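Here the structure is a predicted model, which is why all the values come from computation and not from measurement. Numbers restart at 1 for each chain; the letters A, B, ... are given by sequence-line order, proteins then strands. The figures here come from the full heavy-atom set of this structure, side chains too, leaving out hydrogens, waters and symmetry mates.
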There are 2 protein chains.
Amino acid sequence: MSNTQVIGIDFGGTSVKVAVVEGENLVTEIFRIDTQQHTGPDSLIEVIADKVEALRKDFPAVAAVGIGVPGAIDFAKGITYNLTNVKGWSNVPLRDIMAEKTGLPALMENDANCMAYAEYKYGAGQGYENVVCVTLGTGVGGGLILNGQLYRGAQYAAGEIGQMSIDHDGVDGPYGNNGALERYIGNRQISQLAAHYYQEAGAEVPGDISPENLAQLAGKGDPVAIKLWQNVAIYLGSCLMSTIYLLNPHAIVIGGGVAHAGDVLFAPLKDYLNRTLTGECFNELQILHARFGNTAGILGSSALAAELLD
Amino acid sequence: MSNTQVIGIDFGGTSVKVAVVEGENLVTEIFRIDTQQHTGPDSLIEVIADKVEALRKDFPAVAAVGIGVPGAIDFAKGITYNLTNVKGWSNVPLRDIMAEKTGLPALMENDANCMAYAEYKYGAGQGYENVVCVTLGTGVGGGLILNGQLYRGAQYAAGEIGQMSIDHDGVDGPYGNNGALERYIGNRQISQLAAHYYQEAGAEVPGDISPENLAQLAGKGDPVAIKLWQNVAIYLGSCLMSTIYLLNPHAIVIGGGVAHAGDVLFAPLKDYLNRTLTGECFNELQILHARFGNTAGILGSSALAAELLD
């Protein structure tokens, strides 16, 4: 029910963002709670619950609460396994704690799945039945919409695009998974690769080798930066090509900081996919920029929570 | 309806196999029509339709007909795009022709999807909601059961596991898709790799380097053959690892000729997946031998056709 008011919570390693949401619109500003000021779940949950309580006084129509969390969860039980960059969050039954403290129906989902669902429901992926969402940042995350539904997998762990291999004999991934994509195109790896290319070319390494600046340099015609993004496109393209041969989606939605590189990444990426896919898989494939940035987690968690009320 | 009688047809490059099926049981022998004796669709369709007609005289309860075909199709329209190893089959509306000629509800599906569905419905994948099926032979094929349904994708082209890349800088695949799995572990590639390993080891190359014989040699302790299968396990394992990180399935079902290698392939494959997957994805994962061989196509196409009657 898209005219229902729901509280969306995006639990991140830096801050927990909270807002009241109606459909795809935030009806309040985003309130931020500093995650790292709390040493464990108890005090942080208390502060979040207080914030929810305060919002409900102003928005008594709020009918559910959705929480996106940065890590592995048991979706059916509503329990966190462990959260990336947040200590002390193993086996916390966060969904039911929130439901109990607020008296509202609550839903908890992995943050990458929330982002994917937001793009599918209200963003770039709207109207497509099978959508692969990729988030490029410190790591590489993903979420899948298949046959019009968020696809979670057997242990709710599906969508780990960053752990897929692009080289069976490649660099070590975090789980011994050689050639893991995120070990090639995570933020840090892009900066390292850039430094390597500048040195190799006998050129001065720019003072700022953040992906953002490297994208600007490529946009201005810097040949080393252009080469860098062409190679990032091959790494990302190889993994997406495999994903497309497996899932034959209608659309690929690409978001996250690195996606802001824009055409310097997207043009060689589309070219790569055109060269390596059958016409059947490529011709009608949509390769899209994510619509939402910071608000994707809140919009996705609130959209999923709203469906509890259907 | 599993007590419904249905005609299952498995259209292959060598022969078209036809049988009456009830649930998972063939109620007739398998009748074979020589595919290559017919130069085009018209005469072959005629012979298939005649066979169906004759079977219906003996089995008047037959209520539907299912056809598995070796290649790309438009499932919604029931049209073949083009079939592998069979000439003259572009854009043939085979499903509707069969429905018209027989007066029965008809369904047409890709053969790899039929095999996957047979394994899910009656075979090794029974009882699992998310199943990845792989067929190892001349090429490498696949089919996906996701959330308890055959997953077809946007253009009904999903499941092309053999076209997924295991090396972004690897050998040329058929569509420019470098590192395509089937260019590493197709039957012919396994034989070539074996010849290479025997030569490299200074050992005599066996007269028979078929995958079947190479599996027997490994079973008898031949160190070169053992090394071969360990490497096949790495290639296959790398692709399955990526597939599992993406889809987090309950089960992987492996069939086709090469799968008969048995433990010489399965033991190092399980070891590889144990090493490279998170416990979350691996611990409850079932890695299974396909139950059906030659009958998988007939059982799958008839099972899908039977569901037309539900």
Side-chain angles (χ1 to χ4, degrees), chain A residues 72 81 128-130 132 142 144 146-147 149 151-170 173-181 184 234-235 237-239 241-251 272 274-285, chain B residues 72 81 128-130 132 142 144 146-147 149 151-170 173-181 184 234-235 237-239 241-251 272 274-285:
Chain A
Y81 282 134
Y128 299 107
E129 231 185 314
N130 301 306
V132 172
L144 306 176
L146 302 178
N147 290 336
Q149 289 190 309
Y151 175 81
R152 295 183 170 97
Q155 282 79 31
Y156 317 106
E160 288 290 353
I161 290 175
Q163 302 312 325
M164 293 172 71
S165 172
I166 59 168
D167 182 355
H168 64 84
D169 200 22
Y175 309 107
N177 49 335
N178 291 64
L181 176 65
Y184 291 78
I234 289 171
Y235 298 144
S238 179
C239 183
M241 179 198 84
S242 295
T243 301
I244 294 162
Y245 274 122
L246 188 65
L247 295 178
N248 180 212
H250 294 87
Y272 182 91
N274 189 15
R275 278 202 322 275
T276 59
L277 288 168
T278 57
E280 205 183 355
C281 284
F282 181 78
N283 292 341
E284 295 181 50
L285 177 69
Chain B
Y81 283 133
Y128 299 107
E129 232 185 312
N130 301 308
V132 173
L144 306 176
L146 302 179
N147 290 336
Q149 290 189 306
Y151 175 82
R152 297 183 170 95
Q155 282 79 33
Y156 316 107
E160 289 289 353
I161 290 174
Q163 303 312 324
M164 293 173 71
S165 173
I166 60 168
D167 182 356
H168 65 84
D169 199 22
Y175 308 108
N177 48 336
N178 292 66
L181 176 66
Y184 292 78
I234 290 172
Y235 298 144
S238 179
C239 183
M241 177 197 86
S242 294
T243 300
I244 295 162
Y245 274 122
L246 188 65
L247 295 179
N248 180 212
H250 295 87
Y272 182 91
N274 189 15
R275 278 203 321 275
T276 59
L277 289 167
T278 56
E280 206 183 353
C281 286
F282 180 78
N283 292 343
E284 295 181 50
L285 178 70

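For the set Gly162(A), Ala158(A), Ala251(A), Ala72(A), the count of heavy-atom pairs under 4.5 angstrom toward chain B peaks at Ala158(A). Looking only at heavy-atom pairs under 4.5 Å with chain A, the residue among Arg275(B), Glu284(B), Glu280(B), Met241(B) that has the most is Glu280(B). Heavy-atom pairs under 4.5 Å with chain B peak, among Pro174(A), Gly153(A), Gly179(A), Gly142(A), at Gly153(A).
Contacts of Leu144(A) with chain B are made by side-chain atoms alone, with heavy-atom separations under 4.5 Å and no backbone atom involved. Looking at Tyr156(A), the atoms closer than 4.5 Å to chain B (heavy atoms on both sides) all sit in the backbone: N, CA, C or O. Contacts of Glu129(A) with chain B are absent, with no heavy-atom separation under 4.5 Å from either backbone or side chain.
Distance alone, capped at 3.5 Å, places no donor-acceptor pair between the Asn177(B) side chain and the Thr276(A) backbone. Looking at Tyr151(B), its side chain does come within 3.5 Å of a backbone N or O of Leu247(A) through a donor-acceptor pair. With hydrogens and angles disregarded, a donor-acceptor distance shorter than 3.5 Å links the side chain of Ser242(B) to the backbone of Ser165(A).
Within the 4.5 Å cutoff, no side-chain heavy atoms of Asp167(B) are placed close to those of Asp169(A). The shortest side-chain heavy-atom distance between Asn147(A) and Asn147(B) does not fall under the 4.5 Å cut-off.
Summarising the geometry, atom OG1 belonging to Thr278(B) is positioned 10.5 Å from atom OH belonging to Tyr81(A); distances are rounded to the nearest 0.5 Å. Rounding to the nearest 0.5 Å gives a distance of 8.5 Å between NE2 of His168(A) and CD1 of Ile234(B). We find the SG-OH distance between Cys281(B) and Tyr175(A) to be 9.0 Å, quoted to the nearest 0.5 Å. In this structure, CD1 in Ile244(A) is found 13.5 Å from CD in Gln163(B), a value given to the nearest 0.5 Å. We find the CE-CE distance between Met164(A) and Met164(B) to be 4.5 Å, quoted to the nearest 0.5 Å.
Gln155(A) and Asn248(B) get closest at one heavy-atom pair: N-OD1, 2.6 Å. The two atoms that bring Asn130(B) and Ala154(A) nearest to each other are ND2-N, 3.8 Å, heavy atoms only.
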